[in-house]
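Below is one structure; the comments refer to it alone.
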Amino acid sequence: MNENLKHEMVEYSKDVATSINEFSAYELDVFLCLVYVSRSMLDHRKVSETENLKLELPASMVKKFLAGTHNSRVKKAIENIFDTKVYLKDDKYTKVRHLFEGLDYSADYKTIDFELKKEYIKLFYNLSGNFTQHKIKEFTSLKSRYAKRIYQIIMSYKNLYKWEFDAIEFRKILDIPDSYGWSDIDVKLMRKIKVELQNNTNISDISLIKEKSGRSITKVTLKWNFSNPEVLEEINFLEEPQEVTEDVLERKQLSSESEQLYENYIKMNDAIKKIIYEKAKNYFLEEIGIPKENKLIDKIWKKTEKLYIVKVMKGDI
């Protein structure tokens with residue numbers, strides 16, 4: 001495997017990560033590869049939302065991340081992605097018939113004609129917060145659809161180390177058969193998911209805590225840990241974000257330009273510094289999807305504070 005592919009990052013709204021859909025494991029791979037390649041072909045932070053997004057994607061760029069690249073398989077996956085209904089959560093799940101106006105594999109199998117409806121552009125482009133970020137190759141290395149969906153949830157809320165769901169919602173997101181009781185979910189799904197994530201990702205452990213109301217399980221809390229805690233690295237404006245472990249971040253130095261910007265910030269009067277600081281911290285909290293601080297979030301903020309302040313100084317926030 002090309003070493004560079006291991007670190008390619010894909011980003012999309014958390015609403016997509018926790019949507020209800022019937023994509024197969026392979027279709028999830030193709031879907032996110034389409035998102036990744038389309039974002040890499042334009043300035044994904046400045047996409048017009050007044051008209052459908054039309055792109056001609058090189059099929060070779062999409063297939064390089066996939067385990068199976070036979071043309072007939074890719075073509076069938078594209079057809080199913082176009083046809084599959086997606087339910088996006090907005091107070092309650094809202095039915096979406098198609099995300100795409102068109103999604104076609106060319107007759108010579110060299111290009112994919114990609115046309116995303118304008119109302120869904122905000123799910124994949126112009127992202128400023130409330131988004132999921134993870135390695136595309138790590139995602140496609142997972143074989144089980146259930147493992148992929150759990151992985152998406154964890155990467156959406158990774159710094160919280162847990163996320164609570166209504167029990168019915170959790171079952172729908174994972175598309176768990178009605179015939180499965182909660183003991184089946186523990187034995188037939190969660191144990192296997194745990195092993196697959198441990199073998200292929202930085203996720204070291206997962207557990208599912210169930211809460212009852214009377215005799216019925218009404219809430220579940222998904223908990224997880226990482227082998228190495230992860231935080232975001234400083235990102236240039238047009239580059240895909242990368243991840244580094246906390247120990248690397250502690251040693252990481254800002255660029256000379258960024259250091260100078262931070263020194264300029266330190267020299268400003270307190271009123272201006274307060275405005276910049278609050279803007280940086282609010283963006284940080286929004287980016288990780290948490291409106292308020294807690295001890296864990298404060299610890300992460302202390303390690304990344306300089307990076308976000310420099311972003312404000314650069315005008316990137």
Side-chain angles (χ1 to χ4, degrees), residues 10 12-35 66-68 73-74 76-100 103 120 123-124 131-132 134 136 138-158 162-201 203 206-211 216-224:
V10 64
Y12 49 94
S13 168
K14 290 179 182 177
D15 291 336
V16 176
T18 56
S19 68
I20 294 173
N21 63 68
E22 295 179 350
F23 292 142
S24 69
Y26 186 72
E27 288 158 12
L28 282 169
D29 288 347
V30 175
F31 177 68
L32 289 192
C33 288
L34 292 171
V35 172
L66 299 172
R73 189 180 187 193
V74 177
K76 183 62 177 176
I78 288 172
E79 291 174 355
N80 289 342
I81 289 166
F82 176 82
D83 288 333
T84 298
K85 297 175 185 177
V86 177
Y87 298 76
L88 299 169
K89 191 176 182 182
D90 183 9
D91 295 328
K92 59 181 181 179
Y93 281 93
T94 303
K95 186 177 293 185
V96 178
R97 294 289 183 181
H98 295 290
L99 295 180
F100 298 95
L103 195 60
Y120 306 121
L123 297 175
F124 309 103
F131 62 85
T132 299
H134 60 76
I136 186 69
E138 193 168 72
F139 182 84
T140 58
S141 72
L142 301 171
K143 303 303 180 186
S144 160
R145 180 184 188 280
Y146 296 117
K148 290 177 185 291
R149 296 297 275 156
I150 290 290
Y151 177 85
Q152 287 182 302
I153 293 168
I154 291 175
M155 299 312 289
S156 294
Y157 306 103
K158 62 182 179 181
K162 66 178 181 178
W163 195 253
E164 183 181 282
F165 295 88
D166 174 88
I168 295 174
E169 175 192 18
F170 180 79
R171 293 179 69 106
K172 286 183 176 179
I173 289 173
L174 265 67
D175 195 22
I176 297 172
D178 292 339
S179 60
Y180 275 37
W182 286 100
S183 59
D184 295 318
I185 292 172
D186 286 334
V187 174
K188 296 180 181 180
L189 298 185
M190 296 306 298
R191 287 183 185 176
K192 293 179 180 179
I193 291 169
K194 179 178 178 178
V195 171
E196 187 168 2
L197 293 178
Q198 287 177 331
N199 289 342
N200 294 280
T201 75
I203 300 166
I206 62 169
S207 60
L208 193 64
I209 311 301
K210 296 174 282 291
E211 296 180 33
S216 301
I217 292 172
T218 55
K219 291 183 179 179
V220 296
T221 301
L222 181 68
K223 295 186 176 182
W224 58 86

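What you see below is based on every heavy atom in this structure, not just the backbone, and it leaves out hydrogens, waters and symmetry mates. Here the structure is a predicted model, which is why all the values come from computation and not from measurement.
- Among residues two or more places apart in sequence or in another chain, the side-chain hydrogen bond (donor to acceptor under 3.5 Å, both in side chains) test is passed with Glu164 by none.
- Not counting sequence neighbours, Glu196 has no partner by the salt bridge (charged side-chain N to carboxylate O under 4.0 Å, His left out) test.
- No donor-acceptor pair closer than 3.5 Å links the side chain of His134 to the backbone N or O of Gln152.
- At least one donor-acceptor pair under 3.5 Å links the side chain of Lys14 to the backbone N or O of Ser156.
- Taking the ring centroids of Tyr93 and Tyr87, they lie at or beyond the 6.0 Å cut-off.
- Taken to the nearest 0.5 Å, the OH atom of Tyr151 stands 9.0 Å off from the CG atom of Leu197.
- Every residue meeting the side-chain hydrogen bond (donor to acceptor under 3.5 Å, both in side chains) condition with Lys89, not counting sequence neighbours, appears here in chain and number order: Glu169.
- With Arg149 contributing its side chain and Ala17 its backbone, the two residues share a donor-acceptor pair below 3.5 Å.
- Within a 6.0 Å sphere centred on CD1 of Ile168, heavy atoms belonging to other residues, nucleotides or ligands number 12 at most.
- Looking at residues two or more places apart in sequence or on another chain, you find no salt bridge (charged side-chain N to carboxylate O under 4.0 Å, His left out) involving Glu22.
- The side-chain hydrogen bond (donor to acceptor under 3.5 Å, both in side chains) test applied to Arg145 returns Asn21, not counting sequence neighbours.
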All N/O donor-acceptor pairs, side-chain side in residues 25-34, below 3.5 Å, sequence neighbours left out:
unit_1: Tyr26; atom_1: OH; unit_2: Gly68; atom_2: O; d: 2.2
unit_1: Glu27; atom_1: OE1; unit_2: Ser24; atom_2: N; d: 3.0
unit_1: Glu27; atom_1: OE2; unit_2: Asn80; atom_2: ND2; d: 2.8
unit_1: Asp29; atom_1: OD1; unit_2: Lys148; atom_2: NZ; d: 2.5
unit_1: Asp29; atom_1: OD2; unit_2: Lys148; atom_2: NZ; d: 3.2

Enumerate, atom names and distances included, each donor-acceptor pair closer than 3.5 Å involving a side-chain atom of residues 179-192, sequence neighbours excluded.
unit_1: Asp184; atom_1: OD2; unit_2: Gly181; atom_2: N; d: 2.9
unit_1: Asp186; atom_1: OD1; unit_2: Lys210; atom_2: NZ; d: 3.2
unit_1: Asp186; atom_1: OD2; unit_2: Lys210; atom_2: NZ; d: 3.0

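- The backbone N or O of Lys158 sits less than 3.5 Å from a side-chain atom of Trp224, completing a donor-acceptor pair.
- Residue Ile193 comes nearest to Ile206 through the heavy atom pair CG2-CD1, 3.6 Å, listed as atom of the first residue, atom of the second, then distance.
- Side-chain atoms of Ile154 and Ile203, non-hydrogen and from C-beta on, do get closer than 4.5 Å to each other.
- The side-chain contact (heavy atoms from CB on, under 4.5 Å) test applied to Lys162 returns Thr221, Lys223, not counting sequence neighbours.
- Residues meeting the salt bridge (charged side-chain N to carboxylate O under 4.0 Å, His left out) test with Lys76, sequence neighbours left out: none.
- Taking the side chain as every heavy atom from C-beta outward, Ile150 and Leu174 approach each other to under 4.5 Å.
- With rounding to the nearest 0.5 angstrom, the CZ atom of Phe165 is 14.0 Å from the NZ atom of Lys172.
- At a threshold of 4.5 Å between non-hydrogen side-chain atoms, the residues Thr94 and Leu88 do not count as touching.
- Residues forming a ring-ring contact (aromatic ring centres under 6.0 Å, His included) with Tyr146 (at least two apart in sequence, or on another chain): none.
- Applying the salt bridge (charged side-chain N to carboxylate O under 4.0 Å, His left out) test to Asp166 and every residue at least two apart in sequence or in another chain returns nothing.
- Checked against side-chain contact (heavy atoms from CB on, under 4.5 Å), Thr18 has the following partners two or more places apart in sequence or in another chain: Ile153, Tyr157, Ile173.
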